[in-house]
A.B. asks: 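Below is one structure. I have some questions about it.
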Protein chains: 4
Amino acid sequence: MTDGRTRRREDTRQRLFVAAVDLIAEQGFSATTVDDIAARAGVAKGTVYYNFESKTVLFEELLRHGIGLLTAEFRAAVDGLPPLEALGALVRAQLEYIRRYRAFAQLLLSEMWRTNREWQQTLRLLRGEAIAVIADTVQAGVDSGDLPADLDVRTASSALFGVGLVVAVDWLVFSPERPIDEVQESLLGIVRRVART
Amino acid sequence: MTDGRTRRREDTRQRLFVAAVDLIAEQGFSATTVDDIAARAGVAKGTVYYNFESKTVLFEELLRHGIGLLTAEFRAAVDGLPPLEALGALVRAQLEYIRRYRAFAQLLLSEMWRTNREWQQTLRLLRGEAIAVIADTVQAGVDSGDLPADLDVRTASSALFGVGLVVAVDWLVFSPERPIDEVQESLLGIVRRVART
Amino acid sequence: MTDGRTRRREDTRQRLFVAAVDLIAEQGFSATTVDDIAARAGVAKGTVYYNFESKTVLFEELLRHGIGLLTAEFRAAVDGLPPLEALGALVRAQLEYIRRYRAFAQLLLSEMWRTNREWQQTLRLLRGEAIAVIADTVQAGVDSGDLPADLDVRTASSALFGVGLVVAVDWLVFSPERPIDEVQESLLGIVRRVART
Amino acid sequence: MTDGRTRRREDTRQRLFVAAVDLIAEQGFSATTVDDIAARAGVAKGTVYYNFESKTVLFEELLRHGIGLLTAEFRAAVDGLPPLEALGALVRAQLEYIRRYRAFAQLLLSEMWRTNREWQQTLRLLRGEAIAVIADTVQAGVDSGDLPADLDVRTASSALFGVGLVVAVDWLVFSPERPIDEVQESLLGIVRRVART
DNA sequence: TATGAATGAGAGTTCATTCAT
DNA sequence: CATGAATGAACTCTCATTCAT
């Protein structure tokens with residue numbers, strides 16, 4: 001199972017993932033060619049098709065992989081924490097994630113609110129899983145009285161996710177020199193104020 | 001004589017704009033073909049090229065047109081208002097705009113934070129003009145003492161623009177049944193709270 | 001017949017001829033667009049079609065006009081002259097013509113030995129008329145004993161025409177600083193030597 | 001392993017060369033489509049672009065290949081010969097070449113004296129290399145006293161090249177039934193007579 | 001007599017995908 | 001497990017031609 005061949009193959013897949021995410025973040029899915037991906041990964045074009053059924057499938061697995069990671073970090077962040085602290089931990093986790101996987105975050109920002117794309121179903125589903133963690137935390141806050149009782153949990157969670165994404169990416173693209181702590185503080189400050197209502 | 005011709009041509013360009021913005025918002029620039037655009041506009045393919053140098057130029061003029069409109073509405077909104085009220089007016093104007101030109105807003109959200117695209121220069125420039133109106137208002141608020149003196153005006157304006165965009169589009173895509181007033185209230189509430197700091 | 005309208009139209013046709021001959025000489029027939037021709041002639045594209053049935057017809061009339069002129073000058077040159085002097089006069093006439101209508105000469109050089117072109121029939125016919133004047137002169141020289149009796153009149157005339165064309169155009173393109181008299185002398189010298197055989 | 005592939009690819013390129021030269025000679029560069037070339041070579045259209053950057057590049061490599069061959073034959077022809085004999089050898093070599101690669105010769109005749117074409121730089125350069133061999137021979141003849149001391153070497157070489165081309169192609173197009181030896185004799189006769197001056 | 005907006009067939013080019021090696 | 005030559009459908013763009021003004 002984890003013999004030489006499997007490891008080699010896993011390595012190739014990993015390099016293709018990295019190459020694809022960078023290029024698609026920069027140029028978008030359609031503008032990124034399989035040739036580009038293979039070249040940046042340092043393999044032949046045929047190798048892409050040996051490892052993935054198609055360009056679309058490669059992209060879908062990429063989304064699955066990336067958002068799965070984010071969801072896992074969300075779950076780890078809130079584990080055992082009381083609602084308000086958990087909310088802060090989520091913001092921190094999202095920022096950390098975006099900083100580490102900047103290209104993937106850009107890609108998400110570009111694709112998340114599109115319509116009529118092949119992988120839309122997949123994306124909505126994955127988005128739902130990530131936001132569910134946020135929603136659970138928000139719901140817990142409402143139940144415990146830490147958050148206003150009339151809060152629309154679904155919309156608030158959705159907005160929280162989107163705001164974190166856009167603010168962090170905006171920071172990375174337009175003010176990369178600004179320290180992340182400031183950004184984190186601003187976001188946490190806003191969340192706390194909203195919570196207090 | 002020349003007037004009839006000019007009017008006809010202007011009409012054709014307008015229809016191409018409308019067709020292009022819808023399709024590109026849904027599918028992205030690369031995935032949208034010139035054939036699609038021509039078909040939706042109800043003209044022949046050659047007509048697209050008679051009116052625009054290239055697909056890229058059509059898109060750039062589209063960006064210019066759309067963001068120009070937004071900037072104009074921003075300017076009209078803040079005209080003569082004191083800082084805090086002006087800030088509220090900006091939020092309202094942005095939401096109104098996004099509701100009216102939903103497709104264009106989606107398109108902006110998808111392209112604004114990308115790198116390495118042909119029209120990036122154009123986009124950055126236009127974004128700068130729109131954000132300048134916000135920045136002027138924020139700066140006035142800082143000067144008047146309505147906003148915290150240590151506020152990073154540039155970053156705050158940038159974030160305000162991004163948050164408005166992502167929240168409004170998220171609402172249109174994922175909770176279209178929710179009345180816009182609520183969204184507006186939420187956003188205004190957040191802005192006011194931040195202002196009070 | 002020669003009223004205002006006709007004169008204006010004739011003027012437009014003339015300008016289109018001049019524009020077309022220049023452009024086609026430089027770039028070839030296919031690479032020259034009707035837009036190019038109209039622009040250089042300073043008229044609208046529709047005007048080309050108002051004056052000529054099609055691009056091909058414009059070109060054919062151009063060939064007819066240009067080679068007709070050359071043939072006429074050939075006829076005028078040899079008129080009344082004894083064979084050997086007539087031969088020299090032909091060389092001079094051809095060089096004069098090429099110098100005056102350089103672009104047309106280039107165009108001829110490019111198209112004359114092509115096969116499978118639409119206007120080939122026309123071109124062969126016109127070429128035949130021009131070469132007939134040369135052939136008549138050569139034949140007269142053979143008959144009078146000034147030229148060798150076993151000379152293949154047809155081939156010799158054909159070659160004379162081609163050599164004149166290629167040497168003159170080569171001179172115009174690659175050694176334009178060299179005076180025409182030298183070129184003429186060289187050519188006449190060769191012809192005279194061949195004649196003496 | 002790699003050898004099999006390389007050979008296959010080289011084979012494809014060769015077939016594309018042959019197909020392209022025939023078609024372009026007949027119809028000209030612009031009038032020849034990539035579809036035509038692919039069809040005659042018996043490959044798919046995409047294969048043309050897998051092997052050549054563009055239609056223009058294919059044509060440039062074609063020119064390079066064809067004129068390179070001619071230059072090589074010129075060099076082989078004059079090798080070790082005294083000036084006058086070398087001159088005769090050049091004429092023979094040129095005629096042989098044109099007879100063998102008739103299509104390429106027609107193409108050269110059509111393109112050589114054009115201006116404003118993309119590959120002009122390339123063509124001038126290659127023409128220079130071929131004519132340099134002639135010029136060296138002519139210069140040797142001048143130095144040895146076999147040719148007139150006041151001969152303009154550059155112009156004479158240029159003209160010799162052009163005359164050989166136009167006479168040979170004229171013969172192939174308009175009198176293909178005439179044996180090549182006669183043509184060769186005529187040309188050699190002229191050259192010898194000029195030499196005697 | 002002249003115009004120029006519009007057209008659509010067809011050109012050059014790209015690229016996801018296949019497959020023999 | 002990996003390769004890269006070949007493919008052909010689909011793309012962007014061009015341009016000779018038409019026609020209402």
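Residue numbers begin at 1 in each chain, while the letters A, B, ... track the order of the sequences. As the structure is a prediction and not an experimental result, all values here were calculated from the model.
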A.B. asks: Using side-chain hydrogen bond (donor to acceptor under 3.5 Å, both in side chains) as the criterion, list what pairs up with B/Thr32, not counting sequence neighbours.
C.D. replies: B/Gln27
A.B. asks: Residues in side-chain hydrogen bond (donor to acceptor under 3.5 Å, both in side chains) with D/Gln14, at least two apart?
C.D. replies: none
A.B. asks: Among residues at least two apart in sequence or on other chains, which ones pass side-chain hydrogen bond (donor to acceptor under 3.5 Å, both in side chains) with B/Thr115?
C.D. replies: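 Here no residue qualifies.
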A.B. asks: Any salt bridge (charged side-chain N to carboxylate O under 4.0 Å, His left out) involving residues 104-115 of chain D? Give me the pairs, sequence neighbours left out, ordered by first then second residue.
C.D. replies: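 Qualifying pairs: C/Glu111-D/Arg114, C/Arg114-D/Glu111, D/Glu111-D/Arg114, D/Glu111-D/Arg117.
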A.B. asks: List in chain and number order the residues that pass salt bridge (charged side-chain N to carboxylate O under 4.0 Å, His left out) with B/Arg15, two or more places apart in sequence or in another chain; answer none if no residue qualifies.
C.D. replies: B/Asp11
A.B. asks: Which pairs, with at least one residue in residues 30-62 of chain C and sequence neighbours excluded, count as a ring pair (Phe, Tyr, Trp, His ring centres under 6.0 Å)?
C.D. replies: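 The answer is C/Phe17-C/Phe52, C/Phe29-C/Phe59, C/Phe59-C/Trp119.
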A.B. asks: In residues 22-40 of chain A, which residues come under 4.0 Å of DNA chain F by heavy atom?
C.D. replies: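 Under 4.0 Å from DNA chain F: no residue of residues 22-40 of chain A.
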A.B. asks: Please tabulate the protein-to-nucleotide N/O contacts below 3.5 Å involving nucleotides 6-8 of chain F, giving atom names and distances.
C.D. replies:
residue	atom	partner	partner atom	Å
F/dA6	OP1	D/Thr12	OG1	2.6
F/dA6	OP2	D/Asn51	ND2	3.4
F/dT7	OP2	D/Ala44	N	3.1
F/dT7	OP2	D/Thr47	OG1	2.2
F/dG8	N7	D/Gly46	N	3.3

A.B. asks: Under the salt bridge (charged side-chain N to carboxylate O under 4.0 Å, His left out) rule, collect the residues that match up with B/Lys55, sequence neighbours excluded.
C.D. replies: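 B/Lys55: no salt bridge (charged side-chain N to carboxylate O under 4.0 Å, His left out) contacts found.
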A.B. asks: Applying side-chain hydrogen bond (donor to acceptor under 3.5 Å, both in side chains), name anything that partners A/Thr56, two or more places apart in sequence or on another chain.
C.D. replies: A/Glu118
A.B. asks: Pairing of DNA chain F as dot-bracket, 5' to 3': ( ) intra-strand, [ ] crossing, | other strand, . unpaired, with Watson-Crick or G-U pairs under 3.5 Å?
C.D. replies: .||||||||||||||||||||
A.B. asks: Under the rule for salt bridge (charged side-chain N to carboxylate O under 4.0 Å, His left out), what residues qualify as partners of A/Asp22, not counting sequence neighbours?
C.D. replies: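 Here the qualifying residues are A/Arg40.
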